[in-house]
Amino acid sequence: MPEIRTILVVGAGTMGNGIAHVAAQCGYSVRLVDVSADRLSVALQTIESNLARQAKKGTIADSDIPNILARITQTTDLPAAARDADIAIEAASENFDVKRSIFETLDNAAPEHCILASNTSSISITAIAATTARADRVIGMHFFNPVPVMKLCEIVRGQSTSDQTYATTFALAQALGKTPVTVQDYPGFVSNRILMPMINEAIYCLMEGVASAEDIDTVMKLGMNHPMGPLQLADFIGLDVCLAIMEVLHEGLGDDKYRPCPLLRRMVAAGLLGRKTGRGFYSY
Ligand code: NAD
């Protein structure tokens, strides 16, 4: 199995900075790339303050912080950063054209043995792999937000992902302190295939007047022991993201049981996207 030493993280947003943080903390050499130099500097500040919080809690030593930060280099030059990568983990914007262009660049610039992974929540790993000439070395690594805290990583096998790529990536997720689960490349994988229809159904309950938003959330919190109700969670994820994932499930699985709730569509059309716009099912 090829040894992973250098991890390239493409995209320095919410997920990219978390993946870079965890990889550096686990001793890997990390190259963090974004098209925006501003996003890179914000990402580095976020990693620093999250490490400081961990040190305060006692989960790492203060003296570890400079060493962890020293393992991360940042650049906007993707081909240069890809040259010595053993694996690239793409966490750029959720848009197929953006991912296609990144994977084409990585395929040309990264060494032959380099695995190309995507953190996509909803785009087909098989379709991303088909944009490269190394579909056997393309795989999904679906982390959860916030990455330094959340233990799960869905390892998504595309149509052509090789056993060796799968085994190396699975072992890497474990080395990053995660609990990997193996899923096949179908819309929504397992996480969003189950979560999003639950959220969508909660929105139907609200639309049909079955109960108030607060009461729907209370049922799921107290009755099912969920830490957060589905409507509160939808606000946290972003209603536009929820709608986009429901569309992927509906189109990809071709079953009307995945049709997005009309109230979800209406709220997105109104710009009520949840926490990020200050209003969704609740006001913030
Ligand atoms: P984000 O918007 O916070 O960050 C995306 C970053 O990608 C931005 O900094 C942007 O400048 C950068 N970017 C755009 N085009 C680029 C390019 N060509 N090259 C390099 N960088 C580029 O998004 P996010 O929430 O971190 O999501 C990233 C990916 O992770 C998406 O595929 C998303 O579906 C997936 N994901 C998100 C979550 C979540 O909870 N946010 C959870 C799991 C998976």
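Both ligands and their constituent atoms are indexed starting at 1 by order of listing.
- Between Val156 and Ile125, the closest heavy-atom pair is CG1-CG1, 3.7 Å.
- Atom 4 (O) of ligand 1 has as its closest protein heavy atom Gly13 CA, 3.3 Å.
- Enclosure of atom CZ in Phe236 is not indicated, since only 12 or fewer non-hydrogen atoms of other residues, nucleotides or ligands lie within 6.0 angstrom.
- Closest heavy-atom contact between Ala91 and Met15: CB-CB, 4.2 Å.
- Atoms of ligand 1 lying under 4.0 Å from at least one heavy atom of Arg39, given by number and element, are 1 (P), 3 (O), 4 (O), 8 (C), 9 (O), 11 (O).
- Using a 4.0 Å cut-off between heavy atoms, Val98 contacts ligand 1 through its side chain alone, with no backbone atom that close.
- Within a 4.0 Å radius of atom 34 (O) of ligand 1, the protein contributes one or more non-hydrogen atoms.
- Here the shortest heavy-atom distance to atom 28 (C) of ligand 1, taken over Ala37, Ser118, Ala91, belongs to Ala91.
- Here the CG-CD1 distance, from Leu233 to Ile199, works out to 4.5 Å after rounding to the nearest 0.5 Å.
- Residue contacts with ligand 1 include Phe143, since one of its heavy atoms falls under 4.0 Å from the ligand.
- Near Lys99, the atoms of ligand 1 lying under 4.0 angstrom from a non-hydrogen atom of the residue are 31 (C), 32 (O).
- Judged by distance alone, the side chains of Tyr258 and Arg193 do bring a donor and an acceptor atom under 3.5 Å apart.
- The protein heavy-atom contact nearest to atom 20 (C) of ligand 1 is Val35 N, 3.6 Å.
- With hydrogens and angles ignored, the 3.5 Å screen pairs no side-chain donor or acceptor of Glu154 with any backbone N or O of Phe189.
- For Leu78, no heavy-atom contact with ligand 1 is shorter than 4.0 Å.
- Thr14 N, 4.6 Å is the protein heavy atom nearest to atom 23 (O) of ligand 1.
- Here the heavy atom of the protein found nearest to atom 14 (C) of ligand 1 is Ser93 OG, 3.3 Å.
- Residue-ligand proximity, Val10 to ligand 1, at heavy-atom distances under 4.0 Å covers atoms 20 (C).
- Among protein heavy atoms, atom 39 (C) of ligand 1 sits closest to Met15 SD, 3.7 Å.
- Inclusion of Ser121 in the set of residues having an N or O under 3.5 Å from an N or O of ligand 1 is warranted.
- Ranking protein heavy atoms by distance to atom 40 (O) of ligand 1, first place goes to Asn145 CB, 3.3 Å.
- Residues Ala234 and Phe281 approach most closely at CB-CE1, 4.1 Å, considering heavy atoms.
- In this structure, atom 9 (O) of ligand 1 lies nearest to the protein heavy atom Asp34 OD2, 2.7 Å.
- Among all non-hydrogen protein atoms, the one lying nearest atom 29 (C) of ligand 1 is Ala92 O, 3.3 Å.
- Residues Val33 and Ala81 come closest through the heavy atom pair CG2-CB, 3.5 Å.
- Nearest heavy-atom pair across Ala92 and Glu90 is N-OE2, 2.9 Å.
- The two residues Ala110 and Leu116 have their closest heavy-atom pair at CB-CD2, 4.5 Å.
- Using modelled atom types, one side-chain atom of Asp86 and one backbone atom of Arg5 make a donor-acceptor pair closer than 3.5 Å.
- With a heavy-atom cut-off of 4.0 Å, Ile102 touches ligand 1 through its side chain alone.
- Using 4.0 Å as the threshold, Ser101 has no heavy atom nearer than that to any atom of ligand 1.
- Considering both main-chain and side-chain atoms, Glu94 comes within under 3.5 Å of ligand 1 through a nitrogen or oxygen pair.
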Show the numbers, then the answer: is there a side chain to side chain contact (heavy atoms under 4.5 Å, CB included) between Asn192 and Ser121? CA-CA 8 Å; Asn192 283 321; Ser121 305; 3.9 Å; yes

